[in-house]
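See below for the structure under consideration.
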Number of protein chains: 2
Amino acid sequence: MHDSSDGLQVWCAGEEWCPVTSTATLICRKWHPVIIHRLLNDGPLGFSALQDQVDGVSSKVLSDSLEDLQEKKLIERSIVSEQPFRVEYSLTERGSELEPVVSAMENWGKRHLQPPEDEHSGRF
Amino acid sequence: MHDSSDGLQVWCAGEEWCPVTSTATLICRKWHPVIIHRLLNDGPLGFSALQDQVDGVSSKVLSDSLEDLQEKKLIERSIVSEQPFRVEYSLTERGSELEPVVSAMENWGKRHLQPPEDEHSGRF
DNA sequence: CGGCATCCACATGGATACTG
DNA sequence: CAGTATCCATGTGGATGCCG
């Protein structure tokens, strides 16, 4: 590989532990990146608000995803009110630091996938 | 959508088309990010070379992944030699521009997931 | 080397309905 | 509002073996 004998990190080479793979296993699920993206932009959100903002995800899948993200310590759930029962989902420190990842995804998507105004076939 | 009248982009809001989701559906699969990462670092690679560098992926799964990535125009396969049959996988322009995404994932992973030297439990 | 064929297990997503 | 309960279809990955 590129740097073998010195003190530099050799992650992600050969059989070593790989940060890319590890990160991928945490966030590579259909709705995870968008959920994080929405929470980054619009701060804490309730369940329904989140569902509205995340395209056409069903409540079951959203629920599963949120649970998964909580287990991974990327988001937190807090009960804001008991009477009119309200909760809020927000990013943890860890989670919010994924901002560069989702931003990069967003930028790439804007450049390479379907620009709404233009109907040419960069669609994929 | 929320902001209808001005010139601002409204991607990823409500029912609109979302670059994050779209990008996610392209690269969010277990081995895709690493494959791209390896190709970014070590240029064109043969099938076996790639398999060696991508942890413990089986040939079937690697094959499936590479096919998927080709369909999405993120990588290309070229036959380099016929006699000793050799192929090379390389990134397309589109694909190589995913560099910011995988780099961001790599950086996040290094910061938040298992530092090899240290055995504390930031593991998951 | 560069795969494909098979078979299998489980993860994940989707639709629908219902609840406190 | 904030979910849960089912059920089901498909996606996705893994193991093993074989082939030109």
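Each chain gets a letter, A, B and so on, in the order the sequences are listed, and its residues count up from 1. Because the structure is a prediction, the values reported are computed rather than measured.
Contacts between chain A and DNA chain D, taken as any atom within less than 4.0 angstrom of a protein heavy atom, begin and end at D:dC1 to D:dT6.
The side chain to side chain contact (heavy atoms under 4.5 Å, CB included) check on B:Lys60 picks up B:Ser58, B:Asp64, with sequence neighbours excluded. For A:Asn107, the side chain to side chain contact (heavy atoms under 4.5 Å, CB included) partners are A:Arg111, not counting sequence neighbours.
When all heavy atoms of B:Thr23 and A:Met105 are compared, the pair lying nearest together is OG1-O, 3.0 Å. Among all heavy-atom pairs drawn from B:Val20 and A:Val102, the shortest one is CG2-O, 4.2 Å.
Contact annotation: B:Tyr89 reaches the phosphate of C:dG3 (side-chain N/O to OP1 or OP2, under 4.0 Å).
For the side-chain hydrogen bond (donor to acceptor under 3.5 Å, both in side chains) test with A:His112, the passing option among B:Lys73, B:Glu97, B:Arg94 is B:Glu97; the others fail.
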* Report, as a single string ordered 5' to 3', how protein heavy atoms within less than 4.0 Å touch nucleotides 6-20 of chain C: B base, S sugar-phosphate only, - not at all. => B-----SBBB-----

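Side chains of B:Asp55 and A:Thr21 form no contact here, defined as non-hydrogen atoms less than 4.5 Å apart. Between A:Val34 and A:Val57 the shortest side-chain heavy-atom distance does not fall below 4.5 Å. Using a 4.5 Å heavy-atom cutoff, the side chains of B:Asp68 and B:Arg29 are in contact.
Two end axes, each from the C1' atoms of five base pairs, can be drawn for the helix from C:dC1-D:dG20 to C:dG20-D:dC1; they diverge by 50°, to 10 degrees.
Counting only N and O atoms by type, the side chains of B:Trp17 and B:Ser22 include a donor and acceptor under 3.5 Å apart.
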Ignoring hydrogens and angles, write down the donor-acceptor pairs under 3.5 Å from the side chains of residues 79-88 of chain A, residues two or more places apart or on other chains.
{"from": "A:Ser81", "atom 1": "OG", "to": "A:Pro84", "atom 2": "O", "distance (Å)": "2.7"}

